Amino acid sequence: MAFQNVDRAAELESFYTNMDAQNLEGLWRVAHDVLTPEPTTVVQPYLWRWENVARVTHEAGRLVPLERGGERRAVALVNPGLRGKFAATDTLYAAIQLIRPGELAPPHRHTPTAIRFIIQGEGATTTVESEKITMNEGDLILTPNWTWHEHRNEGTEDVLWLDGLDIPLIRSLSSIFFESFPEDSLPLTTATDYSTKAFGSAAVKPVGYKPAAKDGSMLMYRWPGVQRTLESLRNEVGTAHDGMALEYINPHTGGHTLPTMSCWMQMLRPDEHTQAHRHTPSVIYYAFKGNGSTIIDGLRFDWGAGDSFVVPPWRWHEHVNASASEDALLFSMNDGPVMEAFGLLREESYSENGGQQRVTGVFDG
Ligand code: GTQ
């Protein structure tokens with residue numbers, strides 16, 4: 001009997017070696033790694049301090065010219081769990097982009113979709129397809145999948161913004177296409193800021209309006225309107241897990257910001273401390289105003305204006321405004337629309353300890 005077992009073990013071993021040589025693998029050997037009871041990810045919760053990111057971005061401004069080939073002066077936030085992947089989460093990429101006075105970031109288009117949240121500086125514009133859009137602090141500007149776009153700084157100061165793209169998702173689908181516009185700049189056949197004129201105030205649109213983007217997305221959202229909405233809702237209940245949270249919607253469909261990404265602005269009112277939850281979408285946050293903390297799986301990430309941080313999929317998290325007098329505003333993007341489209345959107349509330357986590361450590365970079 002023992003002899004037979006040894007025999008069988010030796011036979012199995014050579015069977016597996018043989019399978020491997022033929023690029024074959026048995027599910028029974030890997031099932032526990034593949035079919036996990038819950039999502040697993042190498043993405044780490046992480047925070048990038050504004051001070052460090054800004055220093056590097058300005059150094060790049062001094063050292064790195066803006067030219068075709070490199071395309072953009074964008075400093076990417078690389079998740080330590082995804083080194084070499086040029087990604088902040090499994091699906092999302094974020095970067096700080098700098099454009100200096102007089103510079104043109106050349107026209108191009110690509111299948112990854114981009115969002116830009118303006119951080120600092122006046123006088124820059126983004127042209128999307130044929131419409132030039134002025135960029136001011138707090139505005140959100142979209143360049144949907146395969147739309148031509150270029151950026152210009154026509155002012156006198158450096159302009160910085162947060163780029164968010166679905167590059168990791170589109171790469172994982174091997175669907176990256178990229179094309180340079182054959183001329184130096186895009187022809188402007190639509191009025192400057194036409195989208196703002198058309199969609200800047202009430203829930204109306206010009207009769208016969210056709211979205212410039214092929215996927216029907218909106219092109220821009222102005223900060224003053226978002227700010228007014230937050231202010232109007234200040235004394236309303238809001239959400240349990242995210243404070244007073246707004247999603248930037250596509251006014252043509254009422255749906256998410258973009259087919260692959262949703263953008264949010266959250267207001268945490270003075271002393272507000274949310275309940276913890278976890279969900280399948282991953283989120284990249286940018287602290288726009290104020291100071292606070294986000295507790296991710298017990299680790300407290302303290303943030304101030306300009307800091308960016310990542311909440312990986314399916315990790316417990318809750319937010320705290322550290323101030324008793326000031327609001328804290330968090331801009332964020334998430335891959336929820338993809339999750340929803342494929343029936344993968346799940347969310348769970350934290351039920352222990354009154355719905356809030358015990359802090360077991362503080363993130364120190
Ligand atoms: O501004 O078009 O951060 O194409 C990465 C790729 C920005 C852009 C990025 C891009 C852009």
Side-chain angles (χ1 to χ4, degrees), residues 48 53-54 56-61 64-79 82 84-89 91-100 103-121 123-135 139-154 158-173 175-186 212-215 217 219-220 257-258 260-261 263 284-286 306 308 310 331-333 335:
W48 293 263
V53 178
V56 170
T57 306
H58 284 294
E59 279 282 278
V64 184
L66 189 47
E67 46 195 22
R68 287 226 188 251
E71 301 300 303
R72 304 292 187 253
R73 191 186 291 109
V75 174
L77 309 179
V78 178
N79 191 286
L82 295 171
K85 293 245 157 97
F86 205 53
T89 78
T91 52
L92 301 170
Y93 153 104
I96 304 297
Q97 183 166 162
L98 165 64
I99 183 160
R100 307 192 68 188
E103 286 185 331
L104 164 69
H108 68 202
R109 62 179 175 179
H110 36 70
T111 46
T113 292
I115 65 105
R116 311 182 200 283
F117 184 77
I118 318 308
I119 295 174
Q120 218 174 72
T125 62
T126 285
T127 298
V128 184
E129 294 284 296
S130 61
E131 178 181 337
K132 187 194 268 196
I133 302 169
T134 53
M135 305 168 97
D139 291 346
L140 174 67
I141 295 173
L142 312 182
T143 54
N145 172 346
W146 208 237
T147 49
W148 292 111
H149 55 283
E150 70 186 24
H151 317 298
R152 255 171 215 287
N153 187 337
E154 303 174 48
D158 286 354
V159 177
L160 291 127
W161 62 77
L162 175 77
D163 281 325
L165 288 91
D166 54 5
I167 290 176
L169 173 70
I170 306 306
R171 268 178 100 169
S172 75
L173 298 170
S175 299
I176 302 265
F177 288 87
F178 171 89
E179 195 178 343
S180 275
F181 192 69
E183 313 288 326
D184 286 343
S185 63
L186 297 169
K214 291 163 190 70
D215 66 17
S217 300
L219 297 187
M220 62 80 235
T257 322
L258 287 154
T260 53
M261 290 185 285
C263 296
I284 302 174
Y285 279 98
Y286 171 78
S308 303
V310 160
F331 171 80
S332 67
M333 55 202 158
D335 58 2

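Computed from a predicted structure; not experimentally measured. Whatever order the structure lists them in is the order used to number ligands and atoms, beginning at 1.
Here the shortest heavy-atom distance to atom 4 (O) of ligand 1, taken over Arg109, Arg72, His110, belongs to His110.
Within ligand 1, the atoms closer than 4.0 Å to a non-hydrogen atom of Arg116 are 1 (O), 2 (O), 7 (C), 8 (C), numbered from 1 in the order shown. Against a heavy-atom cut-off of under 4.0 Å, Ala74 is close to the following atoms of ligand 1: 3 (O). Within ligand 1, the atoms closer than 4.0 Å to a non-hydrogen atom of His151 are 1 (O), 2 (O), 8 (C), numbered from 1 in the order shown.
Nearest protein heavy-atom contact of atom 5 (C) of ligand 1 is Tyr93 OH, 3.5 Å. Ranking the protein heavy atoms by distance from atom 7 (C) of ligand 1 puts Asp163 OD2, 3.3 Å first. In terms of protein heavy-atom proximity, atom 6 (C) of ligand 1 is nearest to Leu165 CD2, 4.0 Å.
For Phe178, the CZ atom is densely surrounded, since the number of other residues' heavy atoms within 6.0 Å is greater than 12. Atom CZ of Arg72 has more than 12 heavy atoms from other residues, nucleotides or ligands within 6.0 Å.
Contact between Thr111 and Ser175 at its shortest, heavy atoms only, is OG1-O, 2.7 Å. Nearest approach of Pro112 to Ile170, heavy atoms of both residues: CA-CG1, 4.0 Å.
Contacts of Glu71 with ligand 1, taken as heavy-atom pairs under 4.0 Å, are absent altogether.
Contact between Phe178 and ligand 1 is absent, with no heavy atom of the residue lying under 4.0 Å from the ligand.
With Thr57 contributing its side chain and Ile96 its backbone, the two residues share no donor-acceptor pair below 3.5 Å.
Applying the side chain to side chain donor-acceptor pair (under 3.5 Å) test between Arg73 and each of Gln97, Glu103, His151 identifies Glu103 as the sole match.
Shown here are the side chain to side chain donor-acceptor pair (under 3.5 Å) partners of Arg109, two or more places apart in sequence or in another chain: Glu179.
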